[in-house]
Q: 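First, the structure itself, so that you have it in front of you.
Numbered from 1 within each chain, the chains take letters A, B, ... in sequence-line order. The structure presented is a predicted model; accordingly, all values stated were derived computationally and were not measured.
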Amino acid sequence: MNQDYEPRAVERAAQDFWHSARAFEVTEDPSREKYYCLSMFPYPSGKLHMGHVRNYTIGDVMSRYQRMLGKNVLQPMGFDAFGLPAENAAIANNTAPAKWTYANIEYMKQQLDALGFGYDWTREVQTCRPDYYRWEQLLFTRLMKKGLVYRKNAVVNWDPIDQTVLANEQVVEGRGWRSGAVVERREIPQWFLKITAYAQELLDGLDQLPGWPDSVKTMQRNWIGRSEGLEFQFAIEGHDPLIVYTTRPDTIMGVTYAAVAAEHPLALAAAANNPELAAFLKDAGRSGVAEAEMETMEKRGMPLGIDAIHPITGAKVPVWAANFVLMGYGSGAVMAVPGHDERDFAFALKYGLPIQQVVAIEGETYDLTRWQDWYADKLHPQMRIVNSGALDGLNYKQAFDALVQRFEKDGTGKRRVNFRLRDWGVSRQRYWGCPIPVIYCAKCDAQPVPEDQLPVVLPEDVEFTGVKSPIKADPNWRKTTCPNCGGPAERETDTFDTFFESSWYSARFTSPGAQELVDERANYWLPVDQYIGGIEHAILHLLYFRFFHKLMRDEGFVKGDEPATNLLTQGMVVKETYFTEKDGKKTWINPADVLIEHDAKGHPLSAKLATDGSPVQIGGVEKMSKSKNNGIDPQVLIDRYGADTVRLFAMFASPPDASLEWNDSGVEGAARFMRRLWRGVHTHVAQGPATALDIGVLTPAQKTMRAALHDTLAKIGDDYGRRKQYNTAIAAVMELMNTVAKFEDGSPQGRAVLQEIWESIVLVLNPIVPHATHALWQALTGRSDALDARFPVADDTARVKDVIALVVQVNGKLRGHIEVARIATQDEIIAIALADENVRKFIGDAAPKKKIVVPGKLVNIVV
RNA sequence: GCCUGAGUGGCGGAAUCGGUAGACGCAGGGGACUCAAAAUCCCCCGAGGCAACCCCUCGUGAAGGUUCGAGUCCUUUCUCAGGCACCA
């Protein structure tokens, strides 16, 4: 072997070896335990960024580790190739989205290979290819026939200048990002998937996922938001009744007004001869559709001049239009109980509407001018209904049940389970996506495209200017015939939400080339044993992913209820952002192009452009993204240090699930470690072959050295297996190597111990730095099978120590260190502790009240 | 605004089930080797006190609490990050 560590040559040799051995191509083998390790596939944005490197290194480490446990490991990779950035790039660079996307994929594949990730590329999917998306079109048409798909109006962000629909991301401070126009809400017809039909199952299924983080399950539970409440009506003279849903029927006697959305038919009717109201409704429609915006904007309203009839008292309650009530979510109308709902309270104070207290808690004083949290506390043990006639004195549950009974009896209302989860709107008015396989016929209405006519192919060789989708602009593409009556008809020109593609790629990976959605191979590989991806996908993607699995199950394509057994949510790689501002438009500057000045304490003072020294503003620390241009290009580091060093550092920098503020400076330490490792093995190997280990004849120093090795192996086994935390495993190896450096023993058995140590170190590092360890394993053993070697396991008999170090506390404070025999009794341990000089000083004349011995750890004397 | 997390030296982080706070590494300081540099090796490195190894006091965003003992559990609070349904 070479004396110096030369990553470039070492990495090429290892990659060539794997490539010619087709080392990562796998097939179904029922005789072996399978392990399907899946990292979320990337959007082909151009280059890999640090978040990708970290994510994919974690997946590769896990895959290689599982392989070293003897499992049949599948680790596929592909590209989530449809999406908005391709359209933006097309406008900016005047290239077709397809061309841009394919070029990016080629470059990123080469980067992934350079990092040594063990993917089975024979299974690659590119979601923008018809041979991929035809199967999701097929699934959609099946769901359509099954009644799980419907069309309704839904609101979008409308840019009145560019005459286009904007993504939420494209709305910046209420304005279109390119035109600067104030964004409006606009209703257009869109296709929806009935995810709410699966809401209960998606909720219950979370309990079957012990391998998913609690935080993700909690977020999904809250997102699904199951509630039980009462649905009832307010009669309105001369109009349809207002249907409302409430989880607080117990407060019904506190209703002092009702509120409807600006788009509600009642509001529109009232505005017909009320120009002031019409103006308000128009203005209320001026806002984006994002929930965060709805929740934080100023709550405004205006009375319709129409009264609703309170269903119990018969009293008239005014109906208001309010900008925070959205049409299309529920019935577009809400009852308002300002006495016990914080938002209603604030609204009532603002507009001078009456506030009626109907809940009291003993010892608390109700104050009409100031909101207090107890007003809304329905589960307080002292909570009682007041000012509500027959309901007075009841608690929340009693009043709830009494009200439900009252409404169900006369049929004017009913108990209802409601979900916060809304049906999934899958229509996008964009070009670069999978065409929705629907045909519109004037006679027969919307028809699914027949299966033998799939796929509906998206043309790729197009001019894309950004104003209008090429398939919307092209009248010929649209033209078709109705599959039902054969008459002239038109195709849907909207495309799917790109979450569609990423909802089922995991299944497709199991069945490359299948002439159906998946084939029987899916039953061998599914479910995914380990799914790895960013925490930012905790709700949307992971919910759709679970939903799709159930849809595919119910269509008979896959078995089992959940798509992935274990989930690791990788923390975000974040980085400071930098920008310059001109005419209110921000230009984001890459951190690599910015020089930062720090004060004496290391806090950043100012930033300037590296090229010309012009000042740059410092923005927040955010996840690395294309839009904020704060991604660090890992290629620079790979070129300088090699893939193994980058992989090692990515794993060493922080635990996988923690977010990481990226900083290059530690990479030097990882490079140093690689050189030490290489030199250590080289020095050992250069002395010739070691003799066989004979544990019966070891000296105490050799035994201690071996104990250190096997303690380390025990720790590392736990880190890899149970904890899935690699930074501490690497630290343990570093610590062991520091100990080895001090172990100078050229005797035959000393060298035998060293042989065992170096083999172990090389194998435990193999999943993390596979190229270097491939070469080192060859040097140590003459074999090329590091990939399939068994992961080292600790020998517990080597770890037994005769003397154990304990600490002694007095009243919980550390006062001394003692050593006791392994076999010492509690009384003997306490006696030794009490004999310690410093301990005696702190006990003084006092008699110990309590003596606590924690085996293997400490003694605490309480006086 | 709501939901979910996270706050520990100059920096990344460790402390796994309530039991030695700061492992391991980076940066920094000192030294060895060298004509010199790089590389490498050794030592120091939370704050304060002490002549001093020892040892003592303080210290895990902040304020309280539970406990023999709290970075870890509870309450309140601040800050930051992720998500909020058309970024992926």
Q: Starting the side chain at C-beta, find the nucleotide from B/rC68, B/rG25, B/rC56 nearest to A/Phe652.
A: B/rG25
Q: Indicate whether OP1 or OP2 belonging to B/rC54 is found under 4.0 Å from a side-chain N or O atom of A/Asn838.
A: no
Q: Determine which nucleotide pairs with B/rG25, using a 3.5 Å limit on both distances of a Watson-Crick or G-U wobble pair.
A: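 Because both required distances fall under 3.5 Å, B/rG25 counts as paired with B/rC11.
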Q: Among B/rA85, B/rU16, B/rC55, which is the nearest nucleotide to the side chain of A/Arg420?
A: B/rA85
Q: Taking CD from A/Glu293 and P from B/rC2, how many angstroms apart are they, rounded to a whole number?
A: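 In whole Å, B/rC2 P lies 17 Å from A/Glu293 CD.
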Q: When the distance from CD1 of A/Ile535 to P of B/rG82 is rounded to whole Å, what number comes out?
A: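 One finds 12 Å between P of B/rG82 and CD1 of A/Ile535, rounded.
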Q: So which nucleotide from B/rC68, B/rG13, B/rU20 ends up closest to the side chain of A/Val862?
A: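 Nucleotide nearest to A/Val862's side chain: B/rC68.
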Q: How long is the line joining NZ of A/Lys813 and P of B/rG59, in whole Å?
A: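 Distance check: A/Lys813 NZ to B/rG59 P gives 8 Å.
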Q: Nearest to the side chain of A/Val165 - B/rC86, B/rA23, B/rG25?
A: B/rC86
Q: Would you find a donor on one side and an acceptor on the other, under 3.5 Å apart, between the side chain of A/Trp678 and the backbone of A/Asn2?
A: yes
Q: Compare the minimum distances between each of B/rG82, B/rG1, B/rA14 and the side chain of A/Glu295, then state the nucleotide with the smallest one.
A: B/rG1
Q: Is the distance from OP1 or OP2 of B/rG25 to the nearest side-chain N or O of A/Asn738 less than 4.0 Å?
A: yes
Q: I want to check one thing: is the phosphate of B/rA14, taken as OP1 and OP2, less than 4.0 Å away from some side-chain N or O of A/Asn727?
A: yes
Q: May I ask you to say what A/Lys715 touches in the nucleic acid, namely base, sugar-phosphate or nothing, with a heavy-atom cut-off under 4.0 Å?
A: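 Since a base atom lies under 4.0 Å of A/Lys715, the category is base.
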Q: Scan side-chain atoms only and decide if A/Tyr150 and A/Asp423 contain a donor-acceptor pair under the 3.5 Å cut-off.
A: yes
Q: Report the nucleotide, chosen from B/rA23, B/rG12, B/rA21, that has the shortest atom-to-atom distance to any side-chain atom of A/Leu814.
A: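 My answer, after comparing the listed nucleotides, is B/rA21.
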Q: Any strand is fair game: report the nucleotide pairing with B/rU60 by Watson-Crick or G-U wobble, both distances under 3.5 Å, or none.
A: none
Q: Distance only, no hydrogens: is a donor on one side chain within 3.5 Å (strictly under) of an acceptor on the other, for A/Arg640 and A/Thr645?
A: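 On atom types as modelled, these side chains do not qualify, holding no pair under 3.5 Å.
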Q: Whole angstrom is fine here: how far is it from NE2 in A/His817 over to P in B/rC53?
A: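 Those two atoms, NE2 and P, are 16 Å apart.
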Q: Heavy atoms from C-beta onward define the side chain here; which of B/rA85, B/rA14, B/rG25 lies closest to that of A/Arg422?
A: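 Nearest listed nucleotide: B/rA85.
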Q: Select base, sugar-phosphate, or nothing to describe what A/Arg343 touches, counting heavy atoms under 4.0 Å on all strands.
A: nothing
Q: Go through it in stages, so that I can follow the logic: the residues are A/Tyr531 and A/Phe545, the test is ring pair (Phe, Tyr, Trp, His ring centres under 6.0 Å), and I'd like the CA-CA distance, side-chain angles, deciding distance and then a yes or no.
A: CA-CA 11 Å; A/Tyr531 195 28; A/Phe545 174 59; 4.7 Å; yes
Q: May I ask you to say what A/Trp223 touches in the nucleic acid, namely base, sugar-phosphate or nothing, with a heavy-atom cut-off under 4.0 Å?
A: base
Q: Think A/Asn860 has a side-chain N or O under 4.0 angstrom from the OP1 or OP2 of B/rG19?
A: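 Result: no.
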Q: Would you check if there is a donor-acceptor pair between the side chains of A/Glu492 and A/Trp191 at a distance under 3.5 Å?
A: yes
Q: Have a look at A/Asp718 and say if it touches a base, only the backbone sugar-phosphate, or nothing, with a 4.0 Å heavy-atom cut-off.
A: base
Q: Among B/rG82, B/rA14, B/rC56, which nucleotide has an atom closest to any side-chain atom of A/Met572?
A: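 The listed nucleotide nearest to A/Met572's side chain is B/rG82.
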Q: With respect to the side chain of A/Ala292, which nucleotide from B/rG25, B/rA27, B/rC84 is positioned closest?
A: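 Among B/rG25, B/rA27, B/rC84, the one nearest the side chain of A/Ala292 is B/rC84.
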Q: What integer distance in Å separates A/Lys47:NZ from B/rA88:P?
A: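 So the NZ-P distance, A/Lys47 to B/rA88, works out to 21 Å.
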